[in-house]
Amino acid sequence: MSKRILWKDAWQAISRSLGRFIAIFLLMAVSAFALIGLKITGPDMRQTATTFFAQHHLADTTITSNYGLDSRDRQIIRQQKSVKQVDFGYLQDSTIDQTKRVLRIFSQTNGVSSWQTVSGHLPRHDNEIAVSYLLKGKYHIGQWITLKQAGSLKHRQFKIVGFVRSSEYLDRSDIGQTTAGTGQLSGVAVVKKSAFETGTAYAIARITYNQTAKMNPYSTRYTNYVEKQQQQLKKALNRHGKTKQQKLERQLKAAQQQPAQATQQAAVLQQKNAGASNSALIQQAAALKKQQAKLKQLGTPTYTLSDRTENPGYAIYRSNAERVDILANVFPVLLFAIAALVSLTTMTRFVEEERIQIGTFKALGYSNADVAKKFALFSLLASSAGVALGAWGGFMVLPKIIFKAYAANSTLSGFQIHFSWALLLTTWLIAVLCTTGAALWALHRDLKAKPAALLLPKPPKGGSRILLERWHWLWNRLSFNYKVTMRNLFRYKSRALMTIFGVAGCTGLLVMGFGIRDSLSGISNIEYSRIIKYDLIVVQNSNSSAKQRQQLKKELNGKSVKGHTGIYFEQLTKKAGDDDATQSISLIVPNNEKNFKQYFAVKNRQTKKTLKLPQDGVIISEKLARLLNAKKGSSIKLKDASGKWRTMKVAGIMEMYIGHYVLMSPQAYQKIFHQSYQTNAQLITLKKGAKLQQESQRLMATGAVKGINQNVNNQRTIDNIMGSLNRVMIILIGLAALLALVVIYNLSNINIEERMRELSTIKVLGFYDQKVTLYIYRETIILSVIGILLGYLVGIGLHRFIILSLPPANAMFDPTMTLINFIVSALIPAVITAGVAMAMHHKIRSVDMLNALSSVD
C-alpha cells in the first residue's frame, strides 16, 4: 500500500498545528538548555582549571619554615621517592615606596608553579620585575618602583618589564596577609632568582609528585595521595627540626655566655692599649647578641606543608563549580517534569483532534504502526529541534555566562568548552520520552478502537453534580457564570490538574530563585554589622620588645581607635564536609566577656537569645555545628596549632553566616588546653571617619604586631562570592519565567482549542466577546491562583533544600524569605496569564462559529 498520502498528511499536520509544534519546541529547548548548561558548566570549570594547572605545573605541595630551608632540608625533600620535581626559591614582602601597597615578591621558578605572561616579558636582569596583571591600572611597563624594605633582595629599585598571572594566586581580592605595610597583600610579583642575596637559606620549596599528573586534582584520590606524601615528608623534616633545635639551643647557650666574656676581655685589652683586638671582640659580642635576639624571636624550628587548597582562591573556585553541580541536580529536573506534564496534555489533545483521521486511515487498511508515524514524526521533530537549540545554548552559551559570573572573583581565564555525547543523548532521550512517549501513550487507546467508532466524534463528558452543590448556602449565592465555571473545573479534571501543576512548578522555581537571592543579599552586612562589630583583629608578636609593646599600647589608645579588647586568638582545624576538606576554625577567648559583647554578638539565630560563655564548654557557629553534626551537649574534637586534638563540649550554637568560630571563656580554655590563659590579640573598633589602611600601617609599624585581619577584606570577598551566585540565580529566574510563559500560553491555547464548539455555542446565544473570554478565562484565573499557592509550598521546600546544599563548607545562607519574594513570584505568572488572556481574547473574537458548530452525523 502506498505511503505517500500518509507521509503527506504527517508533514501537513505540522503546519496545521504550528502553535502546538512551537510550544513543544520551546518547552524542550528551555529544558535542554538548563539541563545541559548546568550539567556541563561544573566539569567545564574544573577542566579549565585543571588544564591551567597542568600547563603551569602547579605545585602539589609547598614547604616553608621559620628558619628557612637549609642544605639538609633540601636533601630530605629531594630524597622523597614520590617527588617528580622540586624547586627552591626566595620570597620577600615589601611595601612600594610612597604607597600603602605591599607586594609579595617571588624568585622565578624552574618549571614548577610557573608564571603566565599577560603582557611584556619576565625579568631578564636583577633589577627588573614583573607584577600581577591585577595592578595593570596602577603601574605601566617601563616604570621604576622603589621598595621600602629590601630584605634579602639586592636592590630596592626595580623596573617593571611585564604583567603576569600567578598559577598559585587565583583570588582577585583576597591575596593574603603579611607582616609588612598594612598587613594585607596588594599583589604578587616575580624577579630573577639572582636578584636575591646568595648564601641565605631558601624561603620556599615547591614539589610536584610523579603520580599526580595522571590524577584529577579535584578527586578524593588526589587529596588522599598528597596528604599521605605530606605526612611522610613532615615526619622526616620534623626529625631534622629536632636536631636543628638542639644545635640552636647550644648556640643560644653559648651566645648567652660569650657577650659577658667578650666584654671582660675588652676591658682588660683597653688597659693594655690593644685597640684593634678590643674592637674585634666588641663586634663579636654585638654579633652574638644579635644572634641571640634572632634565635629568641624565631623560636622552635617548624615546617609548614601546604597543599593546593591553601592557595588563595583555589578552594573558592572549586566550591563554585560544586555549587553549579548542586543546581544542576535540582533545577533542570523540575523544568523537565513541568515540560513532561504539559507535553502530555498537548499530545493527548493532538491525538483527540486527529481521532477521525486515525479512523479513516485504519479503515483504509493502514496498520497501527503506520497511523502512529504522524504523531511520532510530529513529536520527534519538535523535541529534537528543541533539544538541538537548547543543546547549542547549553554547551556554548550558559557555561560562559556562569563562568563569567564566577570569574569576576578569580584570576583564571581561557574558559574551555567541552562537548559530551552522553549528556546530549541522555537529554534527547528524556525529551523524546516526554513527547513521543506521551503521544504514543495517548494514541494506544484509540488504536485499540474499531474504525467505525473512531469515525464518529468523541462524545462530550456528561454533566454531573459536584461536591460544591451540596453546600446549598454557598452554591445558591453563586451567579450563573460562576456555577458554570465550577462545574467545568470539576468536569475537566485532567486539564485542571495540568494547569495547577504547571503553574505551581513555575511559581515554585521563581520562589526558590528569588528566595536564594533573599538569602544571599545582605549576608555580609548582617555578619559585619549585627554580629561582628569590630573592624580589625590584631595578632600580637609574642617576641616583641618592651618598647614595641609600649608603642602598640600608644596606638591602641590613639585618636583613631574607638575601643579595643584583649582576646586569645588561634586557628584550629578539622576535616569535615562532603569533600572531607580541612576547615579553618577561629578560636576566640575574650579576656572580659562584658566588654566582648560590644564587639561580638553571641546569639542563637532561632531564639534570638544572647548566649553566655560557659566555664566548662564552648559555643560554636551554626555551620560548624552542621558540618560536625553537633548539637547542644555534643562533644567535638578539634586540632590546635601544635597538632594536638582538643576535646570540647558544645554548650551552645550561635548565629554566624561566614566562617567557623569557637568561643570559650578563659576558665574553659584552661580546662580544655591545660595551660594558663593569656591574651595574644586585640579586637579593635575604629572611630567614624578613621582610615582603615592608615591605622593598619601604624599598628604594623610598632613591631609588636604579627598580623592583621581586616573585616573590610573579608566583607569584600563575601560580597564577590555572593554576587557571583546572585548573577547565576538571575539566569535561572529568567529561565523559570520563560517556562511559565510557554506553559501558560500552551495550556490556555489547548483549553480554547478543545472547547471551541462550546465557545461558539455561547456566542450564538448572545454572549459578548468579553463575556466569552471571561467565561473560559475565569477557570484559568482560579486554577492559576491555586497553582501559585501550591507553588509557594513547592518553592519553600526547594529553597530550604538549596540553602542547605548550595553554600560552601565555610558559609551558610540566611534561611529567611521576604514577603516581596512571594509577591513578585506570584506577579510574574499573573502578568503572563493576563498577557496570554489578551492574546486569546483576539483569537476568541475571530472564531468561525458556523465551522466550529458543524459536526459529523
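Counting from 1, the numbers follow the sequence of the chain as shown. All heavy atoms count here, side chains included; hydrogens, waters and symmetry mates do not.
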Problem - Nearest non-hydrogen partners of R46 and A321, listed with the distance - result: NH1-CB, 3.6 Å
Completion exercise
Closest non-hydrogen contact found for A189 with L103 is CB-CD1, 4.2 Å
Exercise for the section: Any chance you could measure L233, atom CG, to S82, atom OG, to the nearest 0.5 Å? Expected result: 8.0 Å
Exercise for the section: Could you tell me whether K244 and D70 have a side-chain N and a carboxylate O separated by less than 4.0 Å? Expected result: yes
Handout entry: side chain to side chain contact (heavy atoms under 4.5 Å, CB included) partners of Q231, counting only residues at least two apart
Key = E227
Exercise for the section: Measure the spacing between NZ of K649 and CD1 of I620 and express it to the nearest 0.5 Å. Expected result: 13.5 Å
Exercise for the section: Verify the ring-centre separation between Y133 and F163: is it less than 6.0 angstrom? Expected result: no
Fill in the blank from the handout: G394 and P399 have their tightest heavy-atom pair at O-CD, 2.9 Å
Exercise for the section: Show your reasoning for whether side-chain contact (heavy atoms from CB on, under 4.5 Å) applies to V662 and L624. Expected result: CA-CA 9 Å; V662 172; L624 180 61; 4.0 Å; yes
Fill in the blank from the handout: Taken in chain and number order and not counting sequence neighbours, the residues that satisfy side chain to side chain contact (heavy atoms under 4.5 Å, CB included) with S319 are R323, P808
Handout entry: N/O donor-acceptor pair under 3.5 Å between S132 side chain and L135 backbone
Key = no
Handout entry: Under 3.5 Å donor-acceptor, E570 side chain and A641 backbone
Key = yes
Practice task
Return the minimal non-hydrogen interatomic distance between A681 and V539, and the atom names on each side.
Solution key: CB-CA, 4.0 Å
Exercise for the section: Evaluate side chain to side chain donor-acceptor pair (under 3.5 Å) for Q47 paired with T51, printing each intermediate quantity in order. Expected result: CA-CA 6 Å; Q47 187 58 48; T51 302; 3.2 Å; yes
Exercise for the section: State whether the side chain of T223 and the backbone N or O of S219 hold a donor-acceptor pair below 3.5 Å, judged by distance alone. Expected result: yes
Problem - Donor-acceptor contact present, side-chain S621 to main-chain Y661, <3.5 Å - result: yes
Practice task
Quick one: do Y90 and F196 satisfy ring-ring contact (aromatic ring centres under 6.0 Å, His included)? Show the steps, please.
Solution key: CA-CA 7 Å; Y90 303 100; F196 285 87; 5.2 Å; yes
Exercise for the section: With side-chain contact (heavy atoms from CB on, under 4.5 Å) as the test, would you mind laying out the steps for H121 and E128 before giving the verdict? Expected result: CA-CA 10 Å; H121 59 81; E128 293 180 345; 4.0 Å; yes
Handout entry: More than 12 heavy atoms from other groups under 6.0 Å of NZ on K228
Key = no
Exercise for the section: Look only at the side chain of E527 and the backbone of Y657, and say whether a donor-acceptor pair between them is shorter than 3.5 Å. Expected result: yes
Exercise for the section: Mark yes or no for whether S186, through its side chain, and V102, through its backbone, hold a donor-acceptor pair below 3.5 Å. Expected result: yes
Fill in the blank from the handout: Those residues at least two apart in sequence (or on a different chain) that pass ring pair (Phe, Tyr, Trp, His ring centres under 6.0 Å) with F415 are F403
Practice task
Hey, could you give me the CG/OG1 distance between L638 and T647, rounded to the nearest 0.5 Å?
Solution key: 9.0 Å
Problem - No-hydrogen, no-angle side-chain donor-acceptor test under 3.5 Å, D60 and T212 - result: yes
Exercise for the section: For I803, check side chain to side chain contact (heavy atoms under 4.5 Å, CB included) against everything at least two apart and list the hits. Expected result: S519, H799, F813, P815
Problem - Test item: Q184 side-chain N/O and I708 main-chain N/O as donor-acceptor pair under 3.5 Å - result: yes
Practice task
Output yes when K192 and D126 qualify as a salt bridge under the 4.0 Å nitrogen-oxygen rule, no when they do not.
Solution key: no
Exercise for the section: Would you tell me whether Y669 and R646 have side-chain atoms, one donor and one acceptor, within less than 3.5 Å of each other? Expected result: no
Fill in the blank from the handout: Partner of Y303 under side-chain hydrogen bond (donor to acceptor under 3.5 Å, both in side chains), picked from N238, D73, N66, is D73
Practice task
Check whether the side chains of K81 and N210 place a donor and an acceptor atom closer than 3.5 Å, and report yes or no.
Solution key: no
Exercise for the section: Scan side-chain atoms only and decide if R78 and Q75 contain a donor-acceptor pair under the 3.5 Å cut-off. Expected result: no
Handout entry: Residue pair T61 / Q230, side-chain donor-acceptor N/O under 3.5 Å
Key = yes
Exercise for the section: Mind checking ring pair (Phe, Tyr, Trp, His ring centres under 6.0 Å) for Y317 and listing every partner two or more places apart, or none if nothing turns up? Expected result: none
Handout entry: Salt bridge present between E168 and R206 (N-O < 4.0 angstrom)
Key = yes
Practice task
Could I get the full list of ring pair (Phe, Tyr, Trp, His ring centres under 6.0 Å) partners for H57, not counting sequence neighbours?
Solution key: none
Problem - Distance-only donor-acceptor check, side chains E197 and S152, under 3.5 Å - result: no
Practice task
List the steps, then state whether side-chain contact (heavy atoms from CB on, under 4.5 Å) holds for L153 with L147.
Solution key: CA-CA 10 Å; L153 289 164; L147 305 177; 3.7 Å; yes
Practice task
Using the side chain to side chain donor-acceptor pair (under 3.5 Å) rule, take N680 and K706 through it: C-alpha gap first, then chi angles, then the decisive distance, then the call.
Solution key: CA-CA 10 Å; N680 69 347; K706 185 165 64 174; over 6 Å; no
Handout entry: Test side chain to side chain donor-acceptor pair (under 3.5 Å) applied to R308 and Y218, step by step
Key = CA-CA 10 Å; R308 293 180 176 182; Y218 293 106; over 6 Å; no
Completion exercise
The reported gap from CG in L628 to CD in Q583 (rounded to nearest 0.5 angstrom) is 8.5 Å
Exercise for the section: Give a yes or no answer on whether the side chain of D171 reaches the backbone of I175 with a donor-acceptor pair at less than 3.5 Å. Expected result: no
Problem - Derivation of the side-chain contact (heavy atoms from CB on, under 4.5 Å) call for Q571 and S586 - result: CA-CA 5 Å; Q571 289 291 341; S586 297; 3.3 Å; yes
Handout entry: Under 3.5 Å donor-acceptor, R165 side chain and V118 backbone
Key = no
Exercise for the section: Answer yes or no: is there a donor N or O on one side and an acceptor on the other, between the side chain of D87 and the main chain of N110, under 3.5 Å? Expected result: yes
Practice task
Might you point out which heavy atoms bring L398 and G37 nearest each other, and give the distance in Å?
Solution key: CD2-CA, 3.6 Å
Practice task
Could you tell me how the ring of W421 sits relative to the ring of F419: parallel (under 30°), tilted (30 to 60°) or perpendicular (over 60°)?
Solution key: perpendicular
